[in-house]
Amino acid sequence: MSQTVDRALSILPLLAEGPADLGQVADRLGVHKSTALRLLRTLHEHGLVYRQSDQRYRLGARLFALAQEAMENLDIREIAHPHLVRLNEQTGHTVHLAVHEENEVLYIDKVESRYPVRMYSRIGKPVAITVAAVAKLLLADLPEAERRALADKLDYPLYTARSTANATAFLRELELVREQGWATDLGGHEESINCVAAPVRGADGRVVAAMSVSAPNVVVTAEELLTLLPLVRRTADDISGEYSGRTPVRDPA
């Protein structure tokens, strides 16, 4: 299996040099044409290579999309992190950064609360997509047809009495979030945890990430947490400006 993976991956730098036919790929790998064809078909199925009308193969669009997505997510995390740390120092609460990938919303950064009561969220872990504030922001920015299609496919687990119950309620919530430009999760996933979130936007105005401040109600009430919303939104705006190149990088205060 490892040899097969190694051979398949060896095709990509070959095609980066330019289109190649089956014989050229087989020769470069030192394998029979049938083996090379099997590898190319697998890569083609995943969009990593594309077969042209002249029967030569080139790198596929999916490969470029993956590279671009990886670069954007790496950049946004690197740019956002100092801002997240500063917000954490100002509030003392847990701060998250999340992105939308495929059909999931994932945390890509987290700064822990200074309080002894901690959240169990982890970097790389999907959020509860129907209730999380960061998920609402990211999905609200999708075109309407995509929002409706996604809402129809989702399950709606009732984590608490405040959880979103169905697609109709979810779409209504996304529309509200889209209009107001921020989102909350007030006990929708865990009764004892509240969260306020704001969007990070790229140069084109689209939402590329969402950041949030979360706290248990034994530390701060939902009403008190909501008073931090202006600060959360300013932080998100600062990240947006730096990410899109609209504002200069400022030294931490």
Side-chain angles (χ1 to χ4, degrees), residues 1-81 96-110 120-130 132 134-135 137-139 141-143 145-155 200-204 206-210 243-245:
M1 178 63 72
S2 61
Q3 185 182 46
T4 300
V5 174
D6 182 69
R7 284 173 172 170
L9 293 177
S10 296
I11 293 173
L12 300 179
L14 166 62
L15 298 185
E17 299 171 8
D21 61 27
L22 178 60
Q24 290 172 309
V25 173
D27 289 344
R28 177 68 71 89
L29 296 180
V31 299
H32 194 273
K33 284 186 178 181
S34 62
T35 300
L37 180 60
R38 185 168 63 251
L39 296 172
L40 285 165
R41 282 177 173 169
T42 299
L43 293 172
H44 183 269
E45 288 172 1
H46 289 274
L48 301 181
V49 305
Y50 177 79
R51 189 173 68 177
Q52 302 176 160
S53 58
D54 62 3
Q55 304 307 306
R56 293 190 301 165
Y57 293 84
R58 61 172 170 79
L59 294 179
R62 177 64 176 156
L63 187 63
F64 296 107
L66 287 171
Q68 180 66 24
E69 188 172 312
M71 287 294 293
E72 288 176 355
N73 291 342
L74 176 63
D75 287 347
I76 191 62
R77 181 181 179 183
E78 182 178 356
I79 290 170
H81 187 74
H96 287 108
L97 183 71
V99 295
H100 183 210
E101 292 185 357
E102 300 298 336
N103 293 320
E104 294 182 322
V105 173
L106 306 170
Y107 291 125
I108 61 170
D109 204 358
K110 177 184 181 181
Y120 292 105
S121 55
R122 296 193 305 273
I123 295 174
K125 181 180 178 181
V127 309
I129 199 167
T130 59
V134 288
L137 282 165
L138 289 158
L139 301 183
D141 193 59
L142 295 174
E146 289 186 37
R147 293 201 306 271
R148 292 188 175 279
L150 178 61
D152 288 340
K153 291 189 297 185
L154 291 175
D155 295 323
V200 176
R201 300 181 185 273
D204 59 358
R206 298 296 305 274
V207 177
V208 297
Y243 177 74
S244 63

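Keep in mind that the numbers below use all heavy atoms, side chains included, and drop hydrogens, waters and symmetry copies.
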Engineer: Please step through salt bridge (charged side-chain N to carboxylate O under 4.0 Å, His left out) for the pair Arg56 and Asp54, ending with a clear verdict.
Structural biologist: CA-CA 6 Å; Arg56 293 190 301 165; Asp54 62 3; 3.0 Å; yes
Engineer: What is the minimum heavy-atom distance between Ile129 and Glu104, and which atoms define it?
Structural biologist: CD1-CA, 4.5 Å
Engineer: Taking everything shown except Arg41 itself, do over 12 heavy atoms lie less than 6.0 Å from its CZ?
Structural biologist: no
Engineer: Atom NE2 of His44 and atom CG of Leu37: how far apart are they, to the nearest 0.5 Å?
Structural biologist: 11.0 Å
Engineer: Would you say the side chain of Leu29 lies within less than 4.5 Å of the side chain of Leu39, judging by non-hydrogen atoms?
Structural biologist: yes
Engineer: Output, in order, the C-alpha distance, side-chain angles, deciding distance and verdict of side-chain contact (heavy atoms from CB on, under 4.5 Å) for Ile76 and Ile108.
Structural biologist: CA-CA 9 Å; Ile76 191 62; Ile108 61 170; 3.9 Å; yes
Engineer: So how far is it from Arg51 CZ to Leu43 CG, rounded to the nearest 0.5 Å?
Structural biologist: 13.5 Å
Engineer: At their closest point, which heavy atom of Tyr57 faces which heavy atom of Leu40, and how far apart are they?
Structural biologist: CE1-CD1, 3.7 Å
Engineer: Heavy atoms only: give me the nearest Pro143-Arg206 pair and the separation to one decimal.
Structural biologist: CD-NH2, 4.1 Å
Engineer: I need the full list of side chain to side chain donor-acceptor pair (under 3.5 Å) pairs touching residues 16-32, with sequence neighbours left out, sorted by first then second residue.
Structural biologist: Glu17-Arg28, His32-Ser34
Engineer: Go through the steps for Leu139 and Leu142 under the test side-chain contact (heavy atoms from CB on, under 4.5 Å), then give the verdict.
Structural biologist: CA-CA 5 Å; Leu139 301 183; Leu142 295 174; 3.9 Å; yes
Engineer: What distance separates Gln55 CD from Leu22 CG, expressed to the nearest 0.5 Å?
Structural biologist: 10.0 Å
Engineer: Kindly compute the distance separating CG (Leu48) from CZ (Phe64), expressed to the nearest 0.5 Å.
Structural biologist: 10.5 Å
Engineer: On a heavy-atom basis, which atom in Ala132 and which in Val127 lie closest, and how many Å separate them?
Structural biologist: CB-CG2, 3.8 Å
Engineer: Using 0.5 Å steps for rounding, measure from the CG atom of Leu59 to the CD1 atom of Ile11.
Structural biologist: 10.5 Å
Engineer: As a quick check of understanding, evaluate side-chain contact (heavy atoms from CB on, under 4.5 Å) for Asp141 and His100, giving each step before the final call.
Structural biologist: CA-CA 11 Å; Asp141 193 59; His100 183 210; over 6 Å; no
Engineer: Please give me the minimum heavy-atom distance between Lys110 and Ser121, naming the atom from each residue.
Structural biologist: NZ-O, 2.7 Å
Engineer: Are side-chain heavy atoms of Val49 and Leu12 found at a separation under 4.5 Å?
Structural biologist: yes
Engineer: Taking all heavy atoms of His81 and all of Asp109, pick out the closest pair and write down the distance.
Structural biologist: ND1-OD2, 2.7 Å
Engineer: Set out, in order, the CA-CA distance, both residues' side-chain angles and the distance that settles side-chain contact (heavy atoms from CB on, under 4.5 Å) for Arg62 and His46, then state yes or no.
Structural biologist: CA-CA 8 Å; Arg62 177 64 176 156; His46 289 274; over 6 Å; no
Engineer: Give, for atom NE2 of His96 and atom CD1 of Ile123, the distance between the pair rounded to the nearest 0.5 Å.
Structural biologist: 8.5 Å
